[in-house]
**Q** 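Pasting a structure here, questions to come.
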Amino acid sequence: MPRLFAKAVFAGALALVPFAVPAAELVMVEQVGCAYCARWHKEIGPIYPKTPVSVSAPLRTVQLTSLDTADFEITRPVVFTPTFLLVDEGRELARLEGYAGEHFFWPLVEKMVADHTGLTPANAVSSGGS
């Protein structure tokens with residue numbers, strides 16, 4: 001009987017855990033030979049999936065040459081790489097063009113995601129005062 005009770009308690013507790021369902025995704029448009037794309041992958045790539053931002057907007061990469069076959073609509077042509085598109089329900093909501101380093105990337109991408117998904121600065125990466 002104690003085992004059955006423990007299983008019931010565990011199942012009830014599990015039901016109370018909020019499961020995050022991404023409202024959008026962050027699409028990184030890149031191209032072969034892009035030095036800033038390579039820098040982003042080195043500096044941010046390993047960290048991004050571990051952040052609160054990635055819960056609200058998981059990352060997907062798309063080659064610039066494949067953008068015309070992507071499963072979403074963009075508001076205007078992508079000219080620079082990397083370009084980060086916040087996409088939801090098949091349409092672009094916002095974009096961040098270029099990569100000037102992590103100290104610029106985090107506040108800009110967090111604001112972009114917060115404006116469209118509700119991510120707050122209290123649970124974002126750059127608010128830690130780094």
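FYI, side chains are in, hydrogens and waters are out, and symmetry mates aren't considered; it's all heavy atoms of this structure.
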**Q** Ignoring hydrogens, what is the shortest heavy-atom contact between Val55 and Pro58? Give both atom names and the distance.
**A** O-CD, 4.2 Å

**Q** OH of Tyr36: more than 12 outside heavy atoms within 6.0 angstrom?
**A** no

**Q** Go through the steps to decide whether Arg91 and Val87 satisfy the test side-chain contact (heavy atoms from CB on, under 4.5 Å), and finish with yes or no.
**A** CA-CA 5 Å; Arg91 64 183 182 86; Val87 175; 6.0 Å; no

**Q** Check the pair Trp106 / Val109 against side-chain contact (heavy atoms from CB on, under 4.5 Å), numbers first and verdict last.
**A** CA-CA 5 Å; Trp106 288 120; Val109 80; 4.1 Å; yes

**Q** Would the distance check show the side chain of Ser66 and the main-chain N or O of Val62 forming a donor-acceptor pair, the cut-off being under 3.5 Å?
**A** no

**Q** With the threshold set at 4.0 Å, does a side-chain nitrogen-carboxylate oxygen contact exist between Glu97 and Arg95?
**A** yes

**Q** Could you go step by step and tell me if Tyr48 and Leu26 meet the side-chain contact (heavy atoms from CB on, under 4.5 Å) rule?
**A** CA-CA 11 Å; Tyr48 189 86; Leu26 187 66; 3.5 Å; yes

**Q** If only atom types and distance count, is the side chain of Glu25 paired as donor or acceptor with the main-chain N or O of Ala57 below 3.5 Å?
**A**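 Between the backbone of Ala57 and the side chain of Glu25 there is no qualifying donor-acceptor contact (under 3.5 Å).
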
**Q** Distance check, rounded to the nearest 0.5 Å: Leu93 atom CG versus His116 atom NE2?
**A** 5.5 Å

**Q** Clusters formed by hydrophobic residues whose side-chain heavy atoms approach within less than 4.5 Å: which one holds Phe80, and what are its other members?
**A** Val79

**Q** Nearest 0.5 angstrom please: Leu64 CG to Thr81 OG1, how far?
**A** 6.5 Å

**Q** Check the angle between the aromatic planes of Phe84 and Trp40 and answer parallel, tilted or perpendicular using the 30° and 60° thresholds.
**A** tilted

**Q** Would you give the length of the straight line joining atom CG of Leu96 to atom CG of Leu86, rounded to the nearest 0.5 angstrom?
**A** 10.5 Å

**Q** Identify the heavy atoms of Cys37 and Glu30 that sit nearest to each other, and give their distance.
**A** SG-CB, 3.5 Å

**Q** Kindly compute the distance separating CG (Asp88) from OG (Ser56), expressed to the nearest 0.5 Å.
**A** 11.0 Å

**Q** Could you measure the distance from the CE atom of Met112 to the OG1 atom of Thr117? Nearest 0.5 Å is fine.
**A**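 Between Met112 CE and Thr117 OG1, I get 10.0 Å after rounding to 0.5 Å.
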
**Q** Please report the closest heavy-atom contact between Ile47 and Thr51, naming both atoms and the distance.
**A** O-CG2, 3.4 Å

**Q** Return the minimal non-hydrogen interatomic distance between Thr61 and His41, and the atom names on each side.
**A** CG2-CE1, 4.1 Å

**Q** Which value, rounded to the nearest 0.5 Å, describes the distance between Gln31 atom CD and Thr83 atom OG1?
**A** 9.5 Å

**Q** For Glu102, which residues count as a salt bridge (Lys or Arg N to Asp or Glu O under 4.0 Å) partner, sequence neighbours excluded?
**A**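 Testing Glu102 for salt bridge (Lys or Arg N to Asp or Glu O under 4.0 Å), a comparison that skips the adjacent residues, returns none.
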
**Q** Please report the shortest heavy-atom distance between Met28 and Pro82, naming the atom on each side.
**A** CE-CB, 3.7 Å

**Q** How far apart are the closest heavy atoms of Glu110 and Val53, and which atoms are they?
**A**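 Between these two residues, the closest heavy atoms are CG-CG2, 3.5 Å.
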
**Q** Could you work out, with side chain to side chain donor-acceptor pair (under 3.5 Å) as the rule, every residue matching Asp71, not counting sequence neighbours?
**A** Arg60

